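Written below as structure tokens is the structure these notes are about.
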Amino acid sequence: MKLWTVWQDYGATGEGRTLLARVAYAENEQDARAGFAREFDEHFVSGAEAREGVQQNEVTQALFAPAALKRAKQMEGRATLVLAARFYFNFA
């Protein structure tokens, strides 16, 4: 198994957004998406992106400290880990 990152920048109405990300071990993309669905909800999976490895992008960098992403990369294959976060805001 390898670490996979799945993330979503969800904004349905334009008045708010929900940023979601999960880094965890998975066998493949389908397995990574299933873990994301269990963590956050099946609703968010359809628009989510998934990539193998610990990804640094606009969403993951907003949700996780740089040291957390670096540490996750360093621990791959040496420790069990799940890094998950959600940030919701609405201006309505």
Side-chain angles (χ1 to χ4, degrees):
M1 285 213 277
K2 297 193 176 213
L3 287 176
W4 280 76
T5 304
V6 183
W7 70 94
Q8 167 74 286
D9 182 349
Y10 180 82
T13 65
E15 297 171 341
R17 285 167 63 190
T18 303
L19 304 177
L20 310 113
R22 182 175 189 265
V23 179
Y25 287 101
E27 292 287 342
N28 51 42
E29 182 176 344
Q30 182 180 2
D31 189 30
R33 289 178 174 278
F36 184 84
R38 286 190 303 274
E39 185 78 38
F40 298 115
D41 190 88
E42 188 73 33
H43 172 77
F44 294 108
V45 175
S46 64
E49 295 188 52
R51 299 278 185 277
E52 188 177 314
V54 178
Q55 301 296 313
Q56 293 187 23
N57 55 51
E58 185 176 311
V59 173
T60 60
Q61 290 175 333
L63 295 173
F64 307 120
L69 294 171
K70 180 180 178 183
R71 180 75 51 96
K73 283 182 184 182
Q74 292 170 340
M75 289 190 290
E76 183 168 11
R78 299 179 349 174
T80 300
L81 71 94
V82 175
L83 187 60
R86 173 193 318 229
F87 177 33
Y88 167 78
F89 57 94
N90 192 318
F91 296 109

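Bear in mind that the values here come from a model prediction, so they are computed numbers and not experimental data.
With contacts defined as side-chain heavy-atom distances shorter than 4.5 Å, the pair L81/L3 qualifies. In this structure the side chain of F87 never reaches within 4.5 angstrom of the side chain of T18, judged on heavy atoms. Residues L19 and R17 have side chains in contact (heavy-atom distance under 4.5 Å, counting atoms from C-beta outward).
Residues L63 and L20 share a closest heavy-atom pair of CD1-C, 3.7 Å. D31 approaches A26 most closely through the heavy-atom pair OD2-CA, 3.2 Å. When all heavy atoms of A32 and R22 are compared, the closest pair comes out as O-NH1, 4.4 Å. Of all non-hydrogen atoms in Q8 and F36, the two that sit nearest each other are CB-CZ, 3.9 Å. The two residues A50 and V6 have their closest heavy-atom pair at CB-CG2, 3.8 Å. Scanning all heavy atoms of the two residues, the minimum distance from L83 to A68 falls at CD2-O, 4.3 Å.
Side-chain heavy atoms closer than 4.5 Å link hydrophobic residues (I, L, V, M, F, W, Y) into clusters, and following such links, even through other members, never connects V82 to F40. Taking hydrophobic clusters as Ile, Leu, Val, Met, Phe, Trp and Tyr residues chained together by side-chain heavy-atom distances below 4.5 Å, V54 shares a cluster with F64. Following chains of ILVMFWY side-chain contacts shorter than 4.5 Å, one can reach F89 starting from V59, so the two form part of one hydrophobic cluster.
The pair E29-K2 fails the salt-bridge criterion, with no side-chain N (NZ, NE, NH1 or NH2) lying under 4.0 Å from an Asp/Glu carboxylate O.
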Please determine whether side chain to side chain contact (heavy atoms under 4.5 Å, CB included) holds for the pair E39 and F44, giving the CA-CA distance in whole Å, both sets of side-chain angles, and the decisive distance to 0.1 Å.
CA-CA 10 Å; E39 185 78 38; F44 294 108; over 6 Å; no
Please determine whether salt bridge (Lys or Arg N to Asp or Glu O under 4.0 Å) holds for the pair E76 and R78, giving the CA-CA distance in whole Å, both sets of side-chain angles, and the decisive distance to 0.1 Å.
CA-CA 5 Å; E76 183 168 11; R78 299 179 349 174; over 6 Å; no
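The local environment of CD in Q30 is sparse, with at most 12 non-hydrogen atoms from other residues, nucleotides or ligands closer than 6.0 Å.
W4 pairs with exactly one of E52, Q55, R33 by the side chain to side chain contact (heavy atoms under 4.5 Å, CB included) rule, that one being E52.
The backbone N or O of G53 sits less than 3.5 Å from a side-chain atom of T5, completing a donor-acceptor pair. Judged by distance alone, with hydrogens and angles left aside, the side-chain atoms of Y10 form no donor-acceptor pair with the main-chain N or O of A48 at under 3.5 Å.
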